[in-house]
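Below, chains carry the letters A, B, ... as their sequence lines are ordered, and counting in each starts from 1.
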Number of protein chains: 2
Amino acid sequence: MKTSGRRTTEGIKGIKQKKEKLKSFLKEKGLKSTRQRDLVVSEFLEMGEHVTAEELYKEISKKYSDIGFTTVYRTLKLLNKSGLAAERVFADNLTRYEPLSAEDHHDHLICMKCGSITEFQDLRIERLQERVADEFGFVAVSHKMELYGYCKKCKDNA
Amino acid sequence: MKTSGRRTTEGIKGIKQKKEKLKSFLKEKGLKSTRQRDLVVSEFLEMGEHVTAEELYKEISKKYSDIGFTTVYRTLKLLNKSGLAAERVFADNLTRYEPLSAEDHHDHLICMKCGSITEFQDLRIERLQERVADEFGFVAVSHKMELYGYCKKCKDNA
DNA sequence: AGGAAATTGAAATTCATTTTCAATTAGACA
DNA sequence: TGTCTAATTGAAAATGAATTTCAATTTCCT
Ligand SMILES: [Mn+2]
Ligand SMILES: [Mn+2]
Ligand SMILES: [Zn+2]
Ligand SMILES: [Zn+2]
């Protein structure tokens, strides 16, 4: 049984590590470290899961009124390009971001009532996907898999 | 090996059958049959695959200059609600429609170079998805699974 | 410190989707 | 077949998230 739940909150260690990675990425690309980027990245890593640029912006605005939405938006794009965040679009068609490391891969269960998102990983499914691709002479480089329905809580107290 | 390709073109039989189903749906809901709806539905069923409202509209415009985009758009929504079409949003974030019947279910392989879309069905994967959901006490009612990569043609002449 | 290049944030733009509204049409019923 | 009401149509406007623009500011290399 390879399926498993994932992640509670980003550990401090992971955060520092990721910030280091970002710094390398910036330097490598001739980009600059700024107070704004730092703040946005910190908040993002602490918040953790599946946030929209708008949500993150609102959260940040509470503490730092001088950081604009555009900067939050651009920083998330940057994190994505540097491989530190994944961009996700679920059924509501909003672009969400989540911290991600290179080795990490997972898919999602999405509750249609409360909106909660559960992550899972299933190697058997992944293998079968590869197999399907092979049958069609298709080379898969990524995939998207989402299950929509009702989470434990929501199906119980219906 | 349960995986398989699908569908060439909608048979005339299937088209007539679907048009009948739509008529029932309309009557049942107190809606009206119109020349426009008829034309849009015919063109849609003949075109077949994964079209956007815009694409279908342009195609229809060639023959019938008096049919507006809005009507095409609304007819596709209607087909969706009546269960005769599926709405799909792939990575390009455009809403596409494809003819679909109740029993039918399939997922997609999408070529990142030429954009071709291949359909597949894999019961083993579907069973495992159900299993994953169960493990989390989640009741899945639908899912989305797309594999992105390079199709046979595109990976060959790279 | 000087200066080129990157960044910022407000505002404007884009673009698919959805809604509005006045004119037209379908179809139920007499 | 004519009447009437509700549904439909299509052009235009509105929406709203995502993206771009641009002038002012900041970073950081020399
Ligand atoms: Mn996730
Ligand atoms: Mn399909
Ligand atoms: Zn729930
Ligand atoms: Zn291809």
Side-chain angles (χ1 to χ4, degrees), chain A residues 19 22-44 50-82 85-97, chain B residues 19 22-44 50-82 85-97:
Chain A
K19 286 188 147 188
L22 180 62
K23 274 224 168 95
S24 316
F25 180 83
L26 292 176
K27 201 157 288 176
E28 182 191 330
K29 299 279 180 185
L31 305 178
K32 292 168 180 173
S33 287
T34 65
R35 171 184 151 268
Q36 289 94 329
R37 276 184 182 157
D38 234 55
L39 285 173
V40 173
V41 171
S42 296
E43 286 295 320
F44 172 64
H50 311 117
V51 289
T52 63
E54 188 63 36
E55 286 166 355
L56 182 56
Y57 167 64
K58 279 192 182 142
E59 198 56 30
I60 288 173
S61 293
K62 290 180 189 167
K63 301 189 196 170
Y64 312 98
S65 60
D66 63 323
I67 291 186
F69 168 78
T70 316
T71 297
V72 174
Y73 165 78
R74 283 190 282 224
T75 303
L76 289 171
K77 284 289 188 195
L78 185 68
L79 285 167
N80 180 236
K81 276 182 189 148
S82 69
E87 242 183 51
R88 310 274 191 190
V89 181
F90 300 130
D92 63 4
N93 260 61
L94 295 180
T95 303
R96 295 168 186 283
Y97 295 83
Chain B
K19 287 188 148 189
L22 180 61
K23 275 224 167 94
S24 315
F25 181 83
L26 292 176
K27 202 157 287 176
E28 182 192 329
K29 299 278 181 185
L31 305 177
K32 291 170 181 173
S33 288
T34 65
R35 170 183 152 269
Q36 289 94 328
R37 277 183 181 158
D38 234 54
L39 286 172
V40 173
V41 171
S42 296
E43 286 295 320
F44 172 64
H50 311 117
V51 287
T52 63
E54 189 63 35
E55 286 166 356
L56 182 55
Y57 167 66
K58 277 192 183 142
E59 198 55 31
I60 288 173
S61 292
K62 291 181 189 167
K63 301 188 196 170
Y64 312 99
S65 60
D66 63 322
I67 291 185
F69 168 78
T70 316
T71 298
V72 173
Y73 165 79
R74 283 190 283 226
T75 303
L76 288 171
K77 284 288 188 195
L78 185 68
L79 284 167
N80 181 236
K81 277 183 189 147
S82 69
E87 243 182 51
R88 310 273 190 191
V89 180
F90 301 128
D92 63 4
N93 260 61
L94 296 180
T95 303
R96 294 168 187 282
Y97 295 84

### Task
Identify which nucleotide among D/dC28, C/dT7, D/dA17 has an atom closest to any side-chain atom of A/Leu94, counting heavy atoms from C-beta outward.
D/dA17

### Query
Which listed nucleotide (C/dT7, D/dG10, C/dT18) is nearest to the side chain of B/Arg74?
D/dG10

### Task
Taking only the side-chain nitrogens and oxygens of A/Lys27, find out if one of them lies under 4.0 Å from OP1 or OP2 of D/dC28.
no

### Query
What's the closest nucleotide to the B/Lys32 side chain, out of D/dA7, D/dG10, C/dT8?
D/dA7

What pairs of donor and acceptor atoms, side-chain ones from residues 64-71 of chain B against any protein atom, are under 3.5 angstrom apart with sequence neighbours left out?
| unit_1 | atom_1 | unit_2 | atom_2 | d |
| --- | --- | --- | --- | --- |
| B/Asp66 | OD1 | B/Arg35 | NH2 | 3.1 |
| B/Asp66 | OD2 | B/Arg35 | NH1 | 3.1 |
| B/Asp66 | OD2 | B/Arg35 | NH2 | 2.9 |

### Whole-Å distance separating the CG atom of A/Leu78 from the P atom of C/dA6
14 Å

### Task
For C/dG9, take OP1 and OP2 only and decide whether either is under 4.0 Å from a side-chain N or O of A/Thr71.
yes

### Task
Please check the phosphate of D/dT9 (OP1 and OP2 only) for any side-chain N or O of B/Arg37 closer than 4.0 Å.
yes

### Message
By nearest heavy atom, map B/Ala53 and A/Ser65 onto DNA chain C; which one lands nearer the 5' end?
### Response
A/Ser65

### Query
How close or far is atom C1' of C/dA16 from atom CZ of B/Phe90, stated in whole angstroms?
17 Å

### Task
Could you tell me the separation between the CG atom of B/Asp38 and the C1' atom of D/dT8, rounded to a whole number of Å?
14 Å

### Message
Whether the B/Ser33 and B/Lys27 side chains hold a donor-acceptor pair (N or O, under 3.5 Å, no angle test) is what I'd like checked.
### Response
no

### Query
Between C/dA16 and B/Thr52, is there an OP1 or OP2 to side-chain N/O distance shorter than 4.0 Å?
no

### Query
Are any non-hydrogen side-chain atoms of B/Gln36 and B/Thr75 less than 4.5 angstrom apart?
no

### Message
Among C/dT17, D/dT9, C/dA6, which nucleotide has an atom closest to any side-chain atom of A/Leu31?
### Response
C/dA6

### Length of the line joining B/Lys77:NZ and C/dT19:C1', which is rounded to integer Å
13 Å

### Query
Using a cut-off of less than 4.0 Å, is there contact between a side-chain N or O of B/Thr34 and OP1 or OP2 of C/dA26?
no

### Query
How many Å lie between CG on A/Asn80 and C1' on D/dT19, as a whole number?
15 Å

### Query
When the distance from CG of A/Asp66 to P of C/dT7 is rounded to whole Å, what number comes out?
18 Å

### Task
Could you tell me the separation between the OG atom of A/Ser61 and the CD atom of A/Glu43, rounded to the nearest 0.5 Å?
10.0 Å

### Earlier contact from the 5' end, DNA chain C, for B/Arg35 and A/Gln36
A/Gln36

## Note on the structure
Against the side chain of B/Thr70, the closest entry in D/dT9, C/dT8, D/dA12 is D/dA12

#### Entry: For atom CG of A/Leu26 and atom P of C/dT8, their distance in whole Å
10 Å

### Query
So which nucleotide from C/dT8, D/dA18, C/dA26 ends up closest to the side chain of A/Tyr73?
D/dA18

### Task
Measure the OH-CG distance between A/Tyr57 and A/Leu76 for me, rounded to the nearest 0.5 Å.
13.5 Å

### Task
Specify the separation, in whole Å, of atom CZ of A/Phe69 and atom C1' of D/dA17.
8 Å

#### Entry: Distance (rounded to the nearest 0.5 Å) between A/Arg37 CZ and A/Lys19 NZ
13.5 Å

#### Entry: Touch class at under 4.0 angstrom, heavy-atom based, for A/Lys29 against every strand present
nothing

